[in-house]
Amino acid sequence: MHDALNSRDPDRIAKTIDEVVAPDAVIRTPAPVDATGPRALEEVFGRLHRAFPDLHIAVEDSIAEGDKVVSRNTVTGTHTGEYLGLPPTGKPISYREIFVFRFVDGRIVETWGVVDTLALMRQLGGLPGGLP
C-alpha cells in the first residue's frame with residue numbers, strides 16, 4: 001500500500017485501497033474524516049496529496065505478529081496546497097507516525113494511527129514554536 005501511496009497516482013491509490021482494505025474496516029486516524037472504510041483512507045490521503053503533492057512515506061520499521069502489522073514511518077513533502085485551513089507555505093515538512101493494522105483474510109479490517117501532528121503544525125506555522 002505504501003508503494004501505491006508514494007506513486008501519487010489517484011487511480012492506483014484507490015484501486016490498492018479497495019484491494020487491501022475491507023469494506024467495513026474501522027479506520028482510526030487523527031484527521032477528521034466523514035467517510036468510513038476504504039473511503040476514509042482515500043479521503044485522508046486525497047487531502048494530504050492536495051496539500052503535499054510530493055508526499056512520501058518512508059517505512060522505517062515494520063513488525064508483524066499474529067493478525068497485526070505495525071509500521072513506523074517518516075512522512076516528508078512540500079506544503080504547496082491548503083491544509084487544515086493553513087494556506088500553502090512552500091515549506092518542506094517531515095513528521096513521524098506509527099500505524100497498527102489488523103488483518104482478516106488478508107485485508108485490513110481495523111487501523112490505529114498515532115501521527116506527530118504537533119510537529120507538522122509547528123512546521124507549517126500553525127502553532128507556536130515553528131520554524132520562521
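- With no hydrogens or angles considered, no side-chain donor-acceptor pair links His56 and Thr76 at under 3.5 Å.
- Distance check: Leu41 CG to Thr16 OG1 gives 11.5 Å after rounding to the nearest 0.5 Å.
- Counting only distance, with no hydrogens or angles, the side chain of Arg122 and the backbone of Leu118 share no donor-acceptor pair below 3.5 Å.
- With a 4.5 Å cut-off on side-chain heavy atoms, Tyr95 and Val115 count as touching.
- Of all heavy-atom pairs between Ala64 and Val69, the closest is CB-CG2, 4.0 Å.
- The 12-atom threshold is exceeded at CG of Asp61, counting heavy atoms of other residues, nucleotides or ligands nearer than 6.0 Å.
- From Ile98, atom CD1 reaches atom OG of Ser71 across 9.0 Å, with rounding to the nearest 0.5 Å.
- Counting heavy atoms from C-beta outward, Thr78 and Lys91 have side chains that stay 4.5 Å or more apart.
- Side chains of Pro23 and Arg107 form a contact here, defined as non-hydrogen atoms less than 4.5 Å apart.
- Here the CD1 atom belonging to Ile93 is positioned 6.5 Å from the CD atom belonging to Gln123, to the nearest 0.5 angstrom.
- When side chains are defined from C-beta on, Val75 does not count as touching Ser94, because their heavy atoms never get closer than 4.5 Å.
- Distance alone, capped at 3.5 Å, is enough to place a donor-acceptor pair between the His49 side chain and the Leu5 backbone.
- Remark: side-chain polar atoms of His79 are not paired, donor with acceptor, to backbone N or O of Gly90 under 3.5 angstrom.
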side-chain contact (heavy atoms from CB on, under 4.5 Å) between Val70 and Ser62, worked out: CA-CA 6 Å; Val70 178; Ser62 185; over 6 Å; no
Audit row: Val44, Glu42, side-chain contact (heavy atoms from CB on, under 4.5 Å) steps and yes/no: CA-CA 6 Å; Val44 167; Glu42 287 180 14; over 6 Å; no
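- Both Leu55 and Leu124 are members of a single hydrophobic cluster when ILVMFWY side chains are connected at heavy-atom separations under 4.5 Å.
- Summarising the geometry, atom CG belonging to Asp3 is positioned 13.0 Å from atom CG belonging to Asp9; distances are rounded to the nearest 0.5 Å.
- Contact detail for Glu43 and Asp34: the closest heavy-atom pair is OE2-N, 3.3 Å.
- Ring geometry, Phe99 versus Phe101: the interplanar angle falls under 30°, so the pair is classed parallel (tilted spans 30 to 60°).
- Under the 4.0 Å criterion applied to side-chain N and carboxylate O atoms, Glu97 and Arg72 are not assigned as salt-bridge partners.
- Interatomic distance, CG of Asp67 versus CZ of Phe103, reported as 9.5 Å (0.5 Å rounding).
- Residues Phe52 and Thr80 form no side-chain contact, since every pair of their non-hydrogen atoms from C-beta on lies 4.5 Å or further apart.
- By the 4.0 Å N-to-carboxylate-O rule, Asp18 lies close enough to Arg39 to be salt-bridged with it.
- Of all heavy-atom pairs spanning Met121 and Leu86, the tightest one is CE-CD1, 3.4 Å.
- The heavy-atom pair separating Ser7 from Arg12 by the smallest distance is CB-NH1, 3.4 Å.
- Between the CD1 atom of Ile108 and the CE atom of Met1 there is a distance of 4.5 Å, given to the nearest 0.5 Å.
- The two atoms that bring Ala22 and Pro38 nearest to each other are O-CD, 3.4 Å, heavy atoms only.
- Within the 4.5 Å cutoff, the side chain of Asn6 has heavy atoms near those of the Ile57 side chain.
- Side-chain atoms of Lys68 and Glu110, non-hydrogen and from C-beta on, never get closer than 4.5 Å to each other.
- Taking the side chain as every heavy atom from C-beta outward, Ile27 and Val33 never approach each other to under 4.5 Å.
- Atom CZ of Arg102 has more than 12 neighbouring heavy atoms from other residues, nucleotides or ligands inside a 6.0 Å radius.
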